[in-house]
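The structure under discussion appears below in the form of structure tokens.
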Amino acid sequence: MLVPPLVALALLVTGGLWFIGHAGANSIWNQPSVPISDVLDRVDRGEILGASISGQRILLTDRAGHQSWTIEKESSMGTTEQYLRNHNVKVAVQSTDDTSFAAVLPNLLGLLLLLALLFILLRRSNLLGNPMGAMTKHLAQARLGDAEPVTFSQVVGVDEAKHELEEVVEFLKAPSSFGKLGARMPRGILLVGPPGTGKTLLSRAVAGEAKVPYFSLSGSDFVEMFVGVGAARVRDLFRHAKKSAPCLVFLDEIDALGRRRGGSQIRTNEEREQTLNQLLVEMDGFNTDCAVVVIAATNRPDVLDPALLRSGRFDRRVAIDAPDLNGRRAILNLYAAHKPLAENIDLDVVARQTPGFTGADLANLLNEAAILAARNKKLAIGRQELDEASLRVMAGPEKRSRMITPEEKSIIAYHEVGHALVMKSIATSDPVHKVSVVSRGQALGVTIQLPLKDRYLTSKSELMARMAAAMGGRAAEEIIFGDVTTGAKQDIEQATTIARQMVCEFGMSERLGLVTLHRRGEGDSLFFSELTAADVDGEVKALTDAAYRQAYEICRARRPTLVRIAEHLQVVETIDGDELDRLLLEEAVPVAATVPKGEESGVATRIAAAEAHDWEDSSPGLAGDSEAGPPIAAT
């Protein structure tokens with residue numbers, strides 16, 4: 001580096017100048033002083049020829065030309081001077097303000113060297129012209145010519161979104177072709193969708209197809225503890241983007257930067273608002289011929305500031321949902337192309353068994369299956385590895401090392417069979433895929449349902465069936481053991497969440513009617529009276545009580561079947577859907593509780609867990625609903 005040699009040189013020059021200044025004309029002052037009594041004795045003997053007084057110092061010159069110096073008190077200096085004059089000594093008095101240039105020169109040159117060194121450091125750190133240069137310098141690095149560029153052929157399952165973004169590719173390749181027809185390409189495109197659906201991959205594919213510089217940043221990159229850093233980074237980003245035009249700017253998780261300003265439940269953050277204001281100015285300040293396209297991604301469009309979403313900034317909104325059956329089949333074919341699969345593996349069957357899975361989930365599923373096959377020393381991925389990988393993605397890895405007593409294992413078995421029995425007894429429930437008492441993740445046992453097809457609407461009867469299925473485990477515990485455990489904590493939370501959504505969001509309460517009692521983007525803030533809140537609580541309790549009564553009646557009516565399947569489950573630990581159907585066919589008197597049939601929601605695969613957890617399903621419950629769906633623990 002250049003800085004250490006400069007520092008060493010500055011120190012050497014300063015030390016040399018100081019030595020010269022103090023070792024030249026002023027070398028006499030480096031000698032020890034002579035006592036004033038010895039000086040007066042020499043004056044009496046007539047050996048002193050001249051004296052020069054400067055402050056409290058007296059510089060003496062004898063008749064041989066040698067010099068010495070002494071110090072006298074300021075109060076006695078007048079008497080000493082008169083004594084010297086009386087003995088014919090030539091006395092010269094110098095002003096204390098006079099300073100020789102040789103003494104000042106080293107200090108002056110040292111100061112100049114320090115200033116020059118400081119100037120060089122500021123230039124190297126880019127702080128001289130731009131105070132925020134060091135904090136924004138890394139934002140100027142665009143991704144151009146990556147080792148593995150992404151193209152549209154690597155993005156499958158989102159055909160509509162790809163079609164919308166193909167126009168952006170054409171604009172970046174030939175911006176002038178749109179101007180001939182008087183068209184203007186959207187300055188900003190907002191990608192909206194749940195996590196894992198491929199928003200970042202789509203933006204990289206646009207840059208890869210157009211072969212243009214790609215600036216990729218997250219909303220958190222603009223958030224700093226220093227005031228003004230966020231706004232400086234926004235200015236620096238767009239300044240470099242305009243220099244590299246045509247180019248693509250991708251802002252991931254823009255809700256961290258563009259959250260709505262103000263609000264009763266949102267604390268004002270001046271730094272974040274200044275950064276957002278700078279972003280609004282930059283996006284609205286593009287030249288009409290500036291080929292810079294901004295693509296932003298978020299899964300919370302409801303919290304974004306309206307000024308950011310207006311036309312002229314983000315002109316187009318592209319919704320990216322979880323892939324349907326055809327999309328999942330295409331994604332599985334893409335990721336399985338470089339993985340050895342057994343001959344009996346049918347990816348169409350895997351696609352049907354993974355409704356609600358996103359592209360990231362499917363990629364993780366095949367990767368987990370490949371890891372399991374390598375762990376088992378196999379040459380190809382088999383059916384067993386795919387089934388286990390699917391369970392690992394949905395519920396977590398097995399924990400067979402967890403020490404569970406026989407009594408607890410019996411309670412878990414009855415709890416899980418209670419879920420499965422209620423699900424099989426209600427006509428509108430999805431088929432049960434697997435029931436297990438093997439611990440996975442934080443769950444002590446799981447019951448998994450798989451919908452037969454993708455659906456986007458949910459009826460009231462189906463929501464009631466979900467709540468009854470969630471209460472099946474608690475009802476089985478109370479019927480068999482006469483006592484209850486904490487294992488139903490998550491089931492109760494899920495049933496309560498569904499009931500509250502039915503009352504506050506879906507207008508499915510006969511008492512409260514067709515009203516919405518939920519305000520998006522402001523947490524759980526209440527904007528209705530306490531009397532209405534009491535009515536809401538009463539309706540929620542009535543719905544959960546009705547669901548528990550339904551589950552209790554089913555488990556009590558089919559108690560022999562409950563006992564027989566639970567005892568069998570304790571032995572085999574895992575029962576799949578086909579085996580469960582065979583066990584139910586052995587029942588002497590089948591009982592089925594019917595509910596009016598309706599459409600099922602296309603949410604992720606539901607899991608009924610016997611242990612209490614606090615995790616939730618983030619898949620959308622209704623078409624066009626951006627809020628997170630109900631928890632998947634017990635449906």
Practice prompt. Please lay out, stage by stage, how Leu257 and Leu308 fare under the test side-chain contact (heavy atoms from CB on, under 4.5 Å).
Written response: CA-CA 10 Å; Leu257 171 64; Leu308 190 63; over 6 Å; no

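- Judged purely by atom type and a 3.5 angstrom limit, Thr497 uses its side chain to pair as donor or acceptor with the backbone of Glu493.
- A donor-acceptor pair under 3.5 Å is absent between the side-chain atoms of His433 and the main chain of Gly577, judged by distance alone.
- Judged by distance alone, the side chain of Ser390 and the main-chain N or O of Leu386 form no donor-acceptor pair under 3.5 Å.
- Using modelled atom types, no side-chain atom of Arg556 and backbone atom of Ile479 make a donor-acceptor pair closer than 3.5 Å.
- A donor and an acceptor atom, one from each side chain of Tyr414 and Glu567, are located under 3.5 Å apart.
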Worksheet entry | Test side chain to side chain donor-acceptor pair (under 3.5 Å) applied to Gln449 and Ser429, step by step | CA-CA 9 Å; Gln449 283 181 287; Ser429 292; 4.6 Å; no

Fill in: Stepwise salt bridge (charged side-chain N to carboxylate O under 4.0 Å, His left out) test for Arg440 and Glu388
CA-CA 11 Å; Arg440 287 186 176 274; Glu388 176 62 23; 2.9 Å; yes

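- Scanning both residues, Leu512 and Val515, for their nearest heavy atoms gives O-CG2, 3.6 Å.
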Worksheet item: Leu202 and Ile295: side-chain contact (heavy atoms from CB on, under 4.5 Å), yes or no, with the steps?
Response: CA-CA 10 Å; Leu202 267 174; Ile295 298 181; over 6 Å; no

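- The aromatic rings of Tyr552 and Tyr548 sit tilted, their planes meeting at an angle between 30° and 60°.
- Looking only at distances, no side-chain donor or acceptor of Lys339 sits under 3.5 Å from a matching main-chain atom of Ile381.
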Practice prompt. Evaluate side-chain contact (heavy atoms from CB on, under 4.5 Å) for Val393 paired with Phe357, printing each intermediate quantity in order.
Written response: CA-CA 10 Å; Val393 173; Phe357 275 45; 3.9 Å; yes

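- With hydrogens and angles ignored, the 3.5 Å screen pairs a side-chain donor or acceptor of Asp346 with a backbone N or O of Asp348.
- Counting heavy atoms from C-beta outward, Ile254 and Phe314 have side chains that approach closer than 4.5 Å.
- In this structure, the side chains of Arg582 and Asp578 come closer than 4.5 Å at one or more pairs of heavy atoms.
- One finds no salt bridge joining Glu416 and Lys434 here, because no Lys/Arg side-chain nitrogen approaches an Asp/Glu carboxylate oxygen to under 4.0 Å.
- Looking at Arg260, its side chain does come within 3.5 Å of a backbone N or O of Asp302 through a donor-acceptor pair.
- At a threshold of 4.5 Å between non-hydrogen side-chain atoms, the residues Asp483 and Thr485 do not count as touching.
- The side-chain heavy atoms of Ile448 and Leu391, taken from C-beta on, include a pair separated by under 4.5 Å.
- Using a cut-off of 4.0 Å between Lys/Arg side-chain N and Asp/Glu carboxylate O, Asp491 and Arg474 are scored as not salt-bridged.
- Note that CG of Asp535 and CZ of Arg511 are 4.0 Å apart. Values are rounded to the nearest 0.5 Å.
- Salt-bridge formation is detected for the pair Arg500/Asp537: a Lys NZ or Arg NE/NH1/NH2 atom is positioned less than 4.0 Å from an Asp or Glu carboxylate oxygen.
- Within the 4.5 Å cutoff, the side chain of Met467 has heavy atoms near those of the Met464 side chain.
- A salt bridge does not link Lys199 with Asp252: every distance from a Lys NZ or Arg NE/NH1/NH2 to an Asp or Glu carboxylate oxygen is 4.0 Å or more.
- Across all non-hydrogen atoms, the minimal contact from Leu450 to Pro355 is CD2-CD, 4.3 Å.
- The side-chain heavy atoms of Val435 and Val446, taken from C-beta on, include no pair separated by under 4.5 Å.
- In this structure, the side chain of Ser203 engages the main chain of Thr200 through a donor-acceptor pair within 3.5 Å.
- Sorted by first and then second residue, the salt bridge (charged side-chain N to carboxylate O under 4.0 Å, His left out) pairs with a member in residues 542-551 read Lys541-Asp545; sequence neighbours excluded.
- A donor-acceptor contact shorter than 3.5 Å links the side chain of Asn333 to the backbone of Arg329.
- Of all non-hydrogen atoms in Arg328 and Ala351, the two that sit nearest each other are NE-O, 2.9 Å.
- In this structure, CG in Leu585 is found 9.5 Å from CG in Leu580, a value given to the nearest 0.5 Å.
- Taking every heavy atom of both residues into account, Ala468 and Gln550 meet most closely at CB-OE1, 3.6 Å.
- Gly507 and Leu514 make their closest contact through O-CD2, 3.4 Å (heavy atoms, listed as atom of the first residue, atom of the second, distance).
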Discussion item. Does Lys409 form a side-chain contact (heavy atoms from CB on, under 4.5 Å) with Glu573? I'd like the steps, not just the answer.
Written reply: CA-CA 10 Å; Lys409 186 175 183 180; Glu573 292 188 340; 3.3 Å; yes

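- At least one donor-acceptor pair closer than 3.5 Å links the side chain of Glu385 to the backbone N or O of Gly382.
- Remark: Gln384 CD is loosely packed, at most 12 non-hydrogen atoms of other residues, nucleotides or ligands lying under 6.0 Å away.
- A pairwise comparison of heavy atoms in Ala495 and Thr544 identifies O-CG2, 4.0 Å as the closest pair.
- Listed by first then second residue, pairs satisfying salt bridge (charged side-chain N to carboxylate O under 4.0 Å, His left out) with a partner in residues 361-373 read Glu368-Arg392, not counting sequence neighbours.
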